[in-house]
Amino acid sequence: MWGGRFAEGPSAIMREINASIPFDKALWRQDIAASKAHVAMLGAQGIVSADDAATITDGLDAVAAEYERDGVPENWDLEDIHMTTESRLAELIGPAAGRLHTARSRNDQVATDFKLWVREAIEQTDAGLAALQHALVTQAGRHADSIMPGFTHLQTAQPVTLGHHLLAYYEMLRRDRSRLADARARMNECPLGSAALAGTGFPIDRDATSEALGFARPTANSLDAVSDRDFALDYLMAASQIALHLSRLAEEFIIWASQPFGFVRMADSLSTGSSIMPQKKNPDAAELVRGHAGRVIGSATALMITMKGLPLAYSKDMQDDKPPVFEAASLLALSIAAMTGMVADSTFKTDRMRQAAELGYATATDLADWLVREADIPFREAHHITGAAVKLAEQKGAALDELSMEELKAIDERIDERVYTALSVEASVAARSSYGGTAPEQVMRQVETARKALGIA
Ligand code: ARG
């Protein structure tokens, strides 16, 4: 395709290092769509004849049908998906095929194809996240009043509800989805027609190709258009943050499924056994989601480092943009599906969670709050008094509400019988009814809002 000025062909090493067809064949649908939009525009503008445009269009459909049926052939001499398609087109329709590349370069072609691919990946990722949110909201609705210990520093802090805990992840994914929507809107400008780097002298209609491919408008600067991979980075950045959130959720499941916690029984379908220890049921899916997050984040790093030293406009380094994006997208899709199954199909051991909430003096803040509210004691002093009560309970190996009235009065005589109602875990969560708080009534409000946002009846 470019051999005119060369005396010899490329060496075997050159052919191998140059070939992107092993991975960019994944762009074949986008490549065909962009070529069809381009040739329709060339025909409409009279840059190629109507006959040639029709022949090329039919030929592209025939190539697409072959790819669909037999897969894309991998010939390193043809370098990439763009030349593979054009070469097959020439075999099928003859010399007219040579007119397709008028007013176009592989530089604007690859930018267009790749953008189309990333745009679809965003849509698929978003749909996956919506399904995971659905699973979270469904479980949250079931567990709006299931009490568990809430942690800070992974130390028992205050009782919370499981529904509240799960909805925290719903919120993270809500932000992730808005990042995807931003990225999609920002990237939706069509590079086609930027040609190699400087634009073209042919009377092309960039608005027509942009519209045909579902973009909002053509890109405004041809140098930028062929050298820009921000759209891929935006996706990888959003993907990294999603992977990070999935990894945190996976980590919670790993902890909760461990025997000392015993908060959750994961579905057999997402667990594995041990070849030596018969009792084992391992949370491998969750561990792999946690592991995959490292690879997704690595993809974002890889592409940033590929791009950071490149002068305008296109450099061949940019061919390395695709493997990290393809890898991140497939790891992410698997991770989202695994976490959706895990959330939907796990059995939460609510008795065990409630027991754990009663250990660890999770209602100590409630005692302090009670002293402030009922005895008008300044919070700092109430904190100190409560600390003394926890110390005593710890010495006795008892829970706070197992201390006798005498013992409590010995610590501070302003404490009276009414305090016991404040010390139960139920009273503790019910009291936290501020907007966004853990009280079951608040959690149900959050569930309702989420259901509406997701369109769940
Ligand atoms: N295979 C190339 C890529 O993926 C296509 C663009 C090649 N352009 C060029 N001038 N060599 O980036």
Side-chain angles (χ1 to χ4, degrees), residues 1-6 9-35 37-38 60 63 67 72-90 97-98 100-121 187 190-200 209 213 219 221-233 235-236 299 302-329:
M1 299 261 176
W2 42 253
R5 63 159 295 176
F6 287 81
S11 69
I13 295 295
M14 185 61 225
R15 286 162 59 233
E16 183 168 357
I17 198 171
N18 205 30
S20 54
I21 188 67
F23 52 86
D24 70 16
K25 62 184 183 180
L27 296 176
W28 76 260
R29 287 173 206 281
Q30 291 75 17
D31 197 61
I32 298 276
S35 286
H38 182 66
L60 287 167
V63 175
Y67 288 170
V72 180
E74 258 186 54
N75 176 352
W76 289 355
D77 289 326
L78 293 173
E79 293 185 23
D80 55 26
I81 184 61
H82 323 295
M83 303 230 280
T84 300
T85 299
E86 196 183 319
S87 143
R88 184 62 187 143
L89 184 68
L100 169 61
H101 214 53
T102 313
R104 182 176 83 169
S105 152
R106 276 187 290 157
N107 296 348
D108 59 338
Q109 199 181 352
V110 71
T112 306
D113 294 0
F114 195 28
K115 249 190 196 181
L116 290 170
W117 194 96
V118 172
R119 208 173 63 179
E120 273 178 51
M187 78 177 58
C190 185
L192 198 58
S194 300
L197 74 166
T200 174
T209 43
L213 294 169
T219 52
N221 180 306
S222 62
L223 285 167
D224 175 51
V226 297
S227 72
D228 167 39
R229 293 297 181 269
D230 286 359
F231 63 92
L233 285 169
Y235 173 65
L236 289 177
S299 303
L303 186 54
M304 280 195 279
I305 293 171
T306 296
M307 295 305 297
K308 76 171 185 57
L310 302 184
L312 297 182
Y314 178 86
S315 299
K316 200 59 176 264
D317 317 41
M318 290 166 68
Q319 180 163 283
D320 281 341
D321 57 359
K322 286 168 258 347
V325 171
F326 293 162
E327 177 173 74

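Just so you know, ligand 1 is whichever comes first in the structure, and atom 1 is the first atom listed for that ligand.
Shown here are the ring pair (Phe, Tyr, Trp, His ring centres under 6.0 Å) partners of Phe23, two or more places apart in sequence or in another chain: there are none. Here Tyr314 pairs with nothing under the ring pair (Phe, Tyr, Trp, His ring centres under 6.0 Å) rule; sequence neighbours left out. Residues passing the side-chain contact (heavy atoms from CB on, under 4.5 Å) test with Leu213 are Ala33, Ala34, Ala37, Thr112, Leu116, Cys190, Leu192, Phe215, sequence neighbours excluded.
Remark: the backbone N or O of Ser105 is paired with a side-chain donor or acceptor of Asp108 at under 3.5 angstrom.
Of the candidates Lys115, Met307, Met304, Arg229 forms a side-chain contact (heavy atoms from CB on, under 4.5 Å) with just one, namely Met307.
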Tabulated below should be the N or O atoms of ligand 1 paired with protein N or O atoms at under 3.5 Å; can you produce that?
unit_1	atom_1	unit_2	atom_2	d
ligand 1	1 (N)	Ser20	OG	3.1
ligand 1	1 (N)	Asp80	OD2	2.9
ligand 1	1 (N)	Gln319	OE1	2.7
ligand 1	4 (O)	Lys322	NZ	2.8
ligand 1	8 (N)	Asn107	OD1	2.8
ligand 1	10 (N)	Asn107	OD1	3.1
ligand 1	12 (O)	Tyr314	OH	2.5

**OP:** Go through the steps for Glu79 and Arg106 under the test salt bridge (Lys or Arg N to Asp or Glu O under 4.0 Å), then give the verdict.
**Re:** CA-CA 11 Å; Glu79 293 185 23; Arg106 276 187 290 157; 2.9 Å; yes

